[in-house]
Amino acid sequence: MKLLEGKNAVIFGVANNRSIAWGIAQAFHEHGANVGISYAGEMMEKRARPLAESLGLTFVEPCDVSKDDDITAVAEKAKAHFGQVDILVHAIAFAPREALSGDFHQTSREDFRVALDISAYSFIGLARAFLPILRPGASLMSMTYYAAEKVVPNYNVMAIAKAALENITRYLAGDLGKHGVRVNAISAGPIRTLAAAGVSGFRGLYKRFAEVSPLRQEITIEDVGGAAVFLASDLSSKVSGEILYVDGGFNIVAIAEDSPDAGGEGGE
Ligand code: NAD
């Protein structure tokens, strides 16, 4: 059953075939949506364009979300191409590399500004620019991570950006509901992507994840794509302001069970 037939979707954050945005683009396409993708700028075009061509997507546009003019331009292009938009996906994050390792208290004012601007504020900017062309019933979504709530080593300023992004998601949901627009976030478990590689020690975190999470499995971009289809579709038409965890249940665990081969003290 195709859940997104007749819906127009614009997805921000395709860097390569490992991007969560790409997993979402593929899932939306499979479910019959007219999909458009946006990439950060010239450097990213090399990879984004062939991916788009592989699915026959014709809306493939640059947008550096740190620039208001780029945001305005991409919304105008979306209007010209789609007329109206039903789904907008924000799968964008950036912080200078030096801010994603070492002591959190060393975070500089400038790195804080850049991380919050690109990874959090941009969701407000995109929502505002697209609002005039959003169809009632439209669904917006952002991508967050558990470090917004609990301390994860080295995630540092990006955790602060994710906390802001989650609250922006709620505030946009509160604000845009009167326009019939829903706004939600997906909180994904660790996935090996370009952005994740920028976080010092990510590999270790990723390795242990499948041992600790209740479902004992790694998270894939296809897993996130499936959840995004639900949030984009009319099946979730009364869901707004929520954080949907796609993490195999990791966020409910307080203390991990010993793995069977870990030894342990035994019973009485
Ligand atoms: P990715 O590197 O594939 O995607 C990040 C995207 O942000 C890239 O396409 C990059 O070009 C884009 N970007 C950076 N600066 C930009 C700018 N100025 N303007 C426009 N775009 C810009 O990595 P990803 O893991 O797919 O990240 C997508 C989202 O998912 C991010 O918000 C990330 O924080 C979130 N997320 C990732 C994980 C994970 O483990 N990979 C887990 C939870 C949430």
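All values derive from a computational prediction rather than experimental measurement. We count ligands from 1, going down the list as the structure has it; atoms in each ligand are counted the same way. We're numbering straight along the sequence, starting at 1.
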Short N/O distance, under 3.5 Å, between K162 and ligand 1? yes
If you measure every N or O of M44 against every N or O of ligand 1, does any of those distances drop under 3.5 Å? no
Within 4.0 Å of some non-hydrogen atom of F94, the atoms of ligand 1 are 14 (C), 15 (N)
Report yes if some N/O of I20 lies less than 3.5 Å from some N/O of ligand 1; otherwise report no. yes
For atom 11 (O) of ligand 1, find the nearest protein heavy atom and state the residue, atom name and distance (0.1 Å precision). A40 CB, 3.4 Å
Consider only side-chain N and O atoms of T220 and D223, and report whether a donor and an acceptor are under 3.5 Å apart. yes
Atom indices of ligand 1 within 4.0 angstrom of A188 heavy atoms, with elements: 42 (C), 43 (C)
S19 heavy atoms within 4.0 Å reach ligand 1 at atoms 1 (P), 3 (O), 26 (O)
Parallel, tilted or perpendicular: ring planes of F12 versus F130, cut at 30 and 60 degrees: perpendicular
Examine I118 against ligand 1 and note whether any of their N/O atoms are separated by less than 3.5 Å. no
Within a 6.0 Å radius of atom CZ on R170, are there more than 12 heavy atoms belonging to other residues, nucleotides or ligands? yes
What atoms of ligand 1 come closer than 4.0 angstrom to any heavy atom of A15? 3 (O), 8 (C), 9 (O)
Heavy-atom proximity to atom 7 (O) of ligand 1 ranks first, among A120, A93, A148, S38, for A93
May I ask you to check if ligand 1 and R18 share an N or O to N or O distance below 3.5 Å? no
Taking every heavy atom of A161 against every heavy atom of A115, the minimum-distance pair comes out as CB-O, 3.9 Å
Considering only heavy atoms, which of D64, I221, V74 lies nearest to atom 18 (N) of ligand 1? D64
A student checking ligand 1 against P190 at a 4.0 Å heavy-atom cut-off should list atoms 40 (O)
Tell me, yes or no, whether the heavy-atom count around K77 atom NZ, taken from other residues, nucleotides or ligands under 6.0 Å, exceeds 12. yes
Quick check: F202 and ligand 1, any N/O pair under 3.5 Å apart? no
Is there a polar contact, in the sense of an N or O pair closer than 3.5 Å, between T144 and ligand 1? no
Which ligand 1 atoms are under 4.0 Å away from a heavy-atom of A196? 41 (N)
Specify whether F82 and F59 have parallel, tilted or perpendicular ring planes, treating 30° as the upper limit for parallel and 60° as the lower limit for perpendicular. tilted
Ligand 1 to C63, heavy atom cutoff 4.0 Å, flagged ligand atoms 19 (N), 20 (C)
Please identify which atoms of ligand 1 are closer than 4.0 Å to at least one heavy atom of G189. 40 (O), 42 (C)
Inspect the surroundings of CZ in R203 and state if more than 12 heavy atoms from other residues, nucleotides or ligands are less than 6.0 Å away. no
Would you check the N or O atoms of V65, main chain and side chain alike, for any that come under 3.5 Å of an N or O of ligand 1? yes
For the CE atom of M158 and the CG atom of L116, what is their distance to the nearest 0.5 Å? 9.0 Å
Minimum-distance protein heavy atom relative to atom 2 (O) of ligand 1: A195 N, 3.0 Å
